[in-house]
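To start, the structure itself, in structure tokens.
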Protein chains: 2
Amino acid sequence: MVERFARRIPEPTVVRLPIYQRALRELSAGGIATVSSAELADAAGVNAAKVRKDLSHLGTYGTPGTGYDVNFLLGQVRHELGLDREWQVVIVGMGNLGHALAHSQRFSTQNFHTVALFDVDPVKVGEDVDGIKICHLSELSSLGGTSRMIGVIACPATSAQDVCNRLVQVGVGAILNFAPAILTVNSPVLLRNVDFAVELQTLAFYVVHPEAVSGPEGTP
Amino acid sequence: MVERFARRIPEPTVVRLPIYQRALRELSAGGIATVSSAELADAAGVNAAKVRKDLSHLGTYGTPGTGYDVNFLLGQVRHELGLDREWQVVIVGMGNLGHALAHSQRFSTQNFHTVALFDVDPVKVGEDVDGIKICHLSELSSLGGTSRMIGVIACPATSAQDVCNRLVQVGVGAILNFAPAILTVNSPVLLRNVDFAVELQTLAFYVVHPEAVSGPEGTP
DNA sequence: CATTGTGAACGCCTTCACAGCC
DNA sequence: GGCTGTGAAGGCGTTCACAATG
């Protein structure tokens with residue numbers, strides 16, 4: 001197989017790949033062998049043109065007149081996302097959110113393995129969560145980080161930058177931040193933010209400004 | 001005050017407003033009276049041109065040579081986001097995530113009031129969370145919904161669409177979905193999704209494809 | 001004949017750069 | 001002099017529409 005040279009995949013496409021992946025998994029589990037771009041689009045909540053353009057960035061995997069082979073395409077998408085490799089997840093901050101994440105990761109996607117949990121609260125340290133003991137944050141530095149280790153920040157905003165620095169120090173490849181704070185990382189460590197308050201306030205804006213809503217399937 | 005006619009605010013700008021709002025709150029709490037676009041940009045993790053363009057969509061609130069009055073701008077942003085009104089939040093699915101959300105909302109932004117919690121688990125029904133009793137999902141329909149009520153879906157993906165339908169039925173103005181599922185709403189109800197698996201897999205993609213990373217402040 | 005892959009057109013956000021103002 | 005507001009330029013993703021294909 002000839003690996004094409006450095007095809008650039010637009011970020012919006014990258015963000016949709018996990019959604020296609022899930023849709024394809026469901027189709028596959030349902031015994032569906034083939035999908036058209038229109039069907040996949042429907043399952044993913046986008047339009048067909050977008051699906052075809054997105055998938056064309058990965059390669060030429062479709063068959064005109066027929067569609068895409070579900071299992072084959074699923075494999076390609078999973079490979080592109082790196083899901084055919086093992087990933088380690090460490091969570092810092094074991095409040096309710098930390099617990100929720102520790103559970104949900106096992107659910108949503110295999111190949112993401114929670115390997116360590118940290119907190120500063122002496123009451124929580126030592127607690128066993130699905131077979132993993134919560135350690136004190138000070139023990140984080142003794143963890144051997146790799147680029148395929150992802151750090152999850154689920155602590156209060158006030159300590160988020162400190163935790164972030166520690167994770168970078170350890171050598172994680174990426175950080176997923178749930179704390180409502182703008183973090184800075186110098187190194188090549190990747191950072192993504194998930195912010196509940198932002199989502200809630202964004203919804204509030206559109207409720208207050210209904211005329212600003214851009215209908216996905218609005219009347220033209 | 002003359003309300004300008006239907007200025008359209010781009011969605012990327014809308015999503016940044018909550019971030020500016022938080023940055024401004026912190027500046028205000030720190031006793032800072034004035035900010036330049038460069039300083040606000042720094043606090044929000046974007047560039048100065050974007051801040052100025054974003055704020056110009058709200059109105060002409062800056063003073064050349066000086067910057068923006070922190071408290072005044074904060075008030076304008078909060079008004080635009082509808083944060084000077086009261087919002088009600090109902091959460092369906094009181095696992096760890098539901099609990100985490102029930103807590104975090106009080107923290108991050110005032111004027112969002114959690115008013116009801118629901119679950120189907122008989123063990124959880126009746127439990128008291130910060131003074132609010134968890135009710136059975138079947139009682140959801142007896143709730144009087146308004147457009148300023150936001151429904152939060154924190155239940156498993158399998159029941160997410162059902163819960164979504166019930167929330168629409170009740171008459172909420174918007175829905176924030178944390179379940180890994182593509183939901184459909186017919187009515188003018190707003191919908192936003194937050195998906196941990198998508199975030200994790202997106203990070204994984206960029207770890208596997210470092211050349212695809214678009215550095216925010218990369219070397220030109 | 002149904003459906004893909006894609007060049008081209010379109011629209012929109014970002015960035016630039018500077019006139020204007022304090 | 002410092003900084004805002006904005007028209008213009010540039011870049012990028014989405015959508016269109018159709019030739020190509022099994």
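Within every chain, numbering begins at 1; the chains are lettered A, B, ... in the order of the sequence lines, protein sequences first and strands thereafter.
Whole-Å rounding puts the B:E39 CD to D:dG2 C1' distance at 12 Å.
Listed by chain and residue number, nothing satisfies the side-chain hydrogen bond (donor to acceptor under 3.5 Å, both in side chains) test with B:S159 (two or more places apart in sequence, or in another chain). Listed by chain and residue number, nothing satisfies the ring pair (Phe, Tyr, Trp, His ring centres under 6.0 Å) test with A:F118 (two or more places apart in sequence, or in another chain). Take A:E86 and apply the side-chain hydrogen bond (donor to acceptor under 3.5 Å, both in side chains) test, not counting sequence neighbours, and it matches A:H113. Legend: residues meeting side-chain hydrogen bond (donor to acceptor under 3.5 Å, both in side chains) with B:Q88, ordered by chain and number and at least two apart, are absent. Under the side-chain contact (heavy atoms from CB on, under 4.5 Å) criterion, B:A33 pairs with no residue at all, not counting sequence neighbours. Every residue was checked against the side-chain hydrogen bond (donor to acceptor under 3.5 Å, both in side chains) condition with A:R148, not counting sequence neighbours, and none meets it.
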Report, one line per pair, each donor and acceptor closer than 3.5 Å where one atom sits in a side chain of residues 10-17 of chain A; sequence neighbours left out.
{"from": "A:T13", "atom 1": "OG1", "to": "A:D54", "atom 2": "OD1", "distance (Å)": "2.7"}
{"from": "A:R16", "atom 1": "NE", "to": "A:D54", "atom 2": "OD2", "distance (Å)": "2.6"}
{"from": "A:R16", "atom 1": "NH2", "to": "A:D54", "atom 2": "OD1", "distance (Å)": "3.1"}
{"from": "A:R16", "atom 1": "NH2", "to": "A:D54", "atom 2": "OD2", "distance (Å)": "3.3"}

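When only modelled atom types and interatomic distance are considered, B:N165 and B:Q169 share no side-chain donor-acceptor pair under 3.5 Å.
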- [ ] Can you check each nucleotide of nucleotides 10-21 of chain D against protein heavy atoms at under 4.0 Å and return B for base, S for sugar-phosphate only, - for none, in 5' to 3' order?
- [x] ---SSB-B---B
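Between D:dG2 and B:Y68, no contact under 4.0 Å exists linking OP1 or OP2 to a side-chain N or O.
Annotation: ring pair (Phe, Tyr, Trp, His ring centres under 6.0 Å) contacts involving residues 22-52 of chain A, sequence neighbours excluded, are absent. For residues 172-183 of chain A, the set of pairs meeting the side chain to side chain donor-acceptor pair (under 3.5 Å) definition, not counting sequence neighbours, comprises A:N177-A:N193.
Nucleotides of DNA chain D nearest to B:S36 and A:T63 differ in position, and the one nearer the 5' end is that of B:S36.
Relative to the axis of its first five pairs, the axis of the last five pairs of the helix from C:dC1-D:dG22 to C:dC22-D:dG1 sits at 10°, rounded to 10 degrees.
On the nucleic acid side, DNA chain C contacts chain B at distances under 4.0 Å to non-hydrogen atoms, with the end points of that region at C:dC13 to C:dC22.
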